[in-house]
2 protein chains.
Amino acid sequence: MRFTTQAEYGLICTLHLARFGAAGPVAAREMAEKEDLPADYTEKILRRLRQAGIVTSVRGVSGGFELARDAREISVKDVVEATEGSTFEINCRQHPVGAERCDTTHDCSIRPVWYALRTKIDELLDQIRISDLLEGGEVGVTELIDITWQDHGDTNLTMER
Amino acid sequence: MRFTTQAEYGLICTLHLARFGAAGPVAAREMAEKEDLPADYTEKILRRLRQAGIVTSVRGVSGGFELARDAREISVKDVVEATEGSTFEINCRQHPVGAERCDTTHDCSIRPVWYALRTKIDELLDQIRISDLLEGGEVGVTELIDITWQDHGDTNLTMER
DNA sequence: CCGAATCTTGACTGATTCACTCCGGATTGA
DNA sequence: TCAATCCGGAGTGAATCAGTCAAGATTCGG
Ligand code: FES
Ligand code: FES
């Protein structure tokens with residue numbers, strides 16, 4: 001299970017705007033070049049971010065994109081949902097094993113697992129804001145997340161494997 | 001982001017063996033028929049479960065599959081990893097945005113988010129055992145998971161949306 | 001010891017999704 | 001006007017998914 005590149009690119013673009021967008025709108029082409037991403041694809045991602053109300057666009061000669069609100073008010077979940085459509089999709093909804101089997105009227109003891117997982121994923125992604133990723137570099141961000149989420153600290157956020 | 005049907009089928013099969021496998025090995029064909037799954041595909045899934053050491057197989061006329069150990073010792077994570085290969089794949093490892101950009105020597109403030117998410121996912125899936133899914137039906141399982149994981153209870157395990 | 005039932009392995013296939021491009025059009029500032 | 005930008009959507013090659021199929025190995029009953 002993984003996110004597509006759209007989530008990654010979406011975060012990169014949002015982060016780029018949070019860093020360099022204060023002085024005025026940033027053109028998609030320029031952003032793509034600076035971040036070394038495919039230009040046309042970047043444009044498409046930005047369009048999705050705009051449709052979700054995360055960024056605003058300015059058309060015309062010196063147009064481009066800006067964050068629609070403060071970086072503290074934009075969560076990773078917002079960006080992921082905007083780009084991917086959803087965070088974690090419940091299989092038995094969109095890709096049911098069997099029509100009747102996966103119907104809500106039928107009892108399934110596996111279903112609660114996916115719902116619980118989705119809740120966990122959404123909780124974490126919603127808690128992390130774009131502003132959290134702006135300072136401290138990779139180490140700083142890791143520590144910040146680690147502090148916030150050390151409730152069930154059986155495993156830790158090392159990069160082992 | 002979603003799991004493929006293999007994770008779902010893997011859980012269904014494991015659960016089936018936990019329920020009906022006490023009396024001796026269950027044939028793949030028989031299991032597929034009872035659970036209403038494609039026969040050949042079921043066989044393939046069971047192979048993966050065996051390769052991961054979750055079930056054992058008996059060849060020959062009255063052969064079939066059995067759980068390799070107690071249902072309390074098999075976590076949902078075990079089954080998902082056996083069938084899908086991994087729970088949550090870090091994009092920048094297998095599908096890097098850019099070769100140098102995603103190298104560990106470079107600083108990336110997005111990376112910690114994915115590592116934290118993987119940790120969360122693994123924690124939850126590892127805590128839930130096959131034995132937890134055997135009793136209480138859907139409602140019972142939901143309550144059980146809810147009690148175990150109500151640490152960050154901002155959201156709850158309702159089925160809304 | 002033969003043959004039926006079962007697991008084992010791996011190749012194969014159609015459908016879908018992914019990652020990305022391309023094109024024609026609308027909007028704006030110089 | 002024209003050049004730069006955003007906008008929408010169609011199109012494309014590659015990869016993955018979901019599932020099938022065929023050929024072989026193992027075991028047991030008779
Ligand atoms: S198998 Fe679809 S809801 Fe359980
Ligand atoms: S974009 Fe790949 S590691 Fe951050």
Side-chain angles (χ1 to χ4, degrees), chain A residues 1-10 12-13 17 21 24-33 35-52 54-66 68 80 83-86 89 91-92 94-98 102, chain B residues 1-10 12-13 17 21 24-33 35-52 54-66 68 80 83-86 89 91-92 94-98 102:
Chain A
M1 183 173 69
R2 66 185 182 96
F3 286 123
T4 68
T5 54
Q6 297 190 68
E8 192 86 31
Y9 292 2
I12 291 173
C13 289
L17 290 179
V26 182
R29 188 62 58 89
E30 183 195 340
M31 195 184 314
E33 196 170 338
E35 298 286 350
D36 198 32
L37 301 177
D40 290 310
Y41 200 32
T42 303
E43 222 165 330
K44 186 175 225 168
I45 305 281
L46 284 165
R47 229 178 290 155
R48 281 169 168 270
L49 291 174
R50 183 184 55 79
Q51 282 159 355
I54 294 172
V55 306
T56 54
S57 63
V58 183
R59 289 158 83 130
V61 174
S62 54
F65 296 86
E66 291 176 294
V80 170
T83 50
E84 302 257 316
S86 71
E89 193 176 340
N91 271 32
C92 293
Q94 273 84 6
H95 304 264
V97 173
C102 297
Chain B
M1 183 173 68
R2 67 182 180 97
F3 286 122
T4 67
T5 55
Q6 299 190 64
E8 192 85 30
Y9 290 3
I12 291 172
C13 290
L17 291 179
V26 182
R29 188 61 58 89
E30 184 195 339
M31 196 185 314
E33 196 170 337
E35 298 287 350
D36 198 34
L37 301 177
D40 291 308
Y41 200 32
T42 304
E43 224 163 328
K44 187 175 221 169
I45 305 281
L46 285 166
R47 222 182 294 158
R48 281 167 167 273
L49 291 175
R50 184 186 54 80
Q51 283 159 354
I54 293 173
V55 305
T56 55
S57 62
V58 182
R59 287 157 83 133
V61 173
S62 56
F65 296 86
E66 289 176 297
V80 170
T83 48
E84 301 257 317
S86 70
E89 191 176 344
N91 270 31
C92 292
Q94 272 85 5
H95 303 264
V97 173
C102 297

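Basis for what follows: all heavy atoms, side chains included, without hydrogens, waters or symmetry-related copies. Every chain is numbered from 1 and lettered A, B, ... according to where its sequence line falls, protein lines coming before strand lines. Keep in mind the model is a prediction, meaning the values are calculated, not measured.
- When each of A:V58, A:V55, A:L17 is tested with A:E66 by the rule side chain to side chain contact (heavy atoms under 4.5 Å, CB included), just one qualifies, namely A:V58.
- At a cut-off of 3.5 angstrom, counting only N and O atoms as typed in the model, there is a donor on one side and an acceptor on the other between the side-chain of A:R59 and the base of C:dA26.
- Whole-Å rounding puts the B:F65 CZ to D:dT27 P distance at 14 Å.
- Contact annotation: A:T5 side-chain N/O to C:dA19 OP1/OP2 distance is under 4.0 Å.
- Nucleic acid contact class of A:E8 (heavy atoms, under 4.0 Å, all strands): none.
- Side-chain contact between A:M31 and A:L46 is present, with at least one heavy-atom pair separated by less than 4.5 Å.
- If you take CD of B:E30 and C1' of C:dA5, they are 13 Å apart, rounded to a whole angstrom.
- Of all nucleotides listed (C:dA11, C:dT21, D:dC21), C:dT21 comes nearest to the side chain of A:Y41.
- Note: CZ (A:R47) to C1' (C:dC23) measures 12 Å, nearest angstrom.
- One atom, CD of B:E43, and another, P of C:dT8, lie 8 Å apart when rounded to the nearest Å.
- Taking every side-chain heavy atom of A:A27 into account, D:dC6 is the closest of D:dG8, D:dC6, D:dT27.
- Atom CD in A:E84 sits roughly 10 Å away from atom C1' in C:dC18 (whole-Å rounding).
- We find that CZ of B:F3 is positioned 18 Å from C1' of C:dT17, with the value rounded to whole Å.
- At whole-Å resolution of the value, CD in A:E33 and P in D:dA4 are 14 Å apart.
- A:F65 is not listed as a side-chain neighbour of A:P25, based on a closest heavy-atom distance of 4.5 Å or more.
- Looking at heavy-atom distances under 4.0 Å, A:S62 makes no contact with the nucleic acid at all.
- For the OP1/OP2 pair of D:dG8 and a distance below 4.0 Å, the side-chain nitrogens and oxygens of A:Q51 include at least one atom meeting the criterion.
- Mapping A:R50 and A:R2 onto DNA chain D via the closest heavy atom, the residue that lands nearer the 5' end is A:R50.
- Looking at every heavy atom in both residues, A:A7 comes nearest to A:E84 through N-OE2, 3.4 Å.
- Side-chain N/O atoms of B:S57 include none lying less than 4.0 angstrom from OP1 or OP2 on C:dT6.
- If you measure from atom CZ of B:R48 to atom P of C:dT8, you get 14 Å, rounded to the nearest angstrom.
- Position along DNA chain D of the nearest nucleotide to B:A39 versus A:A28 favours A:A28 as the more 5'-ward residue.
- Contacts of B:Y9 with the nucleic acid, taken as non-hydrogen atoms under 4.0 Å apart, involve only primed sugar atoms and P, OP1 or OP2.
- Side-chain contact between B:V97 and A:Y9 is present, with at least one heavy-atom pair separated by less than 4.5 Å.
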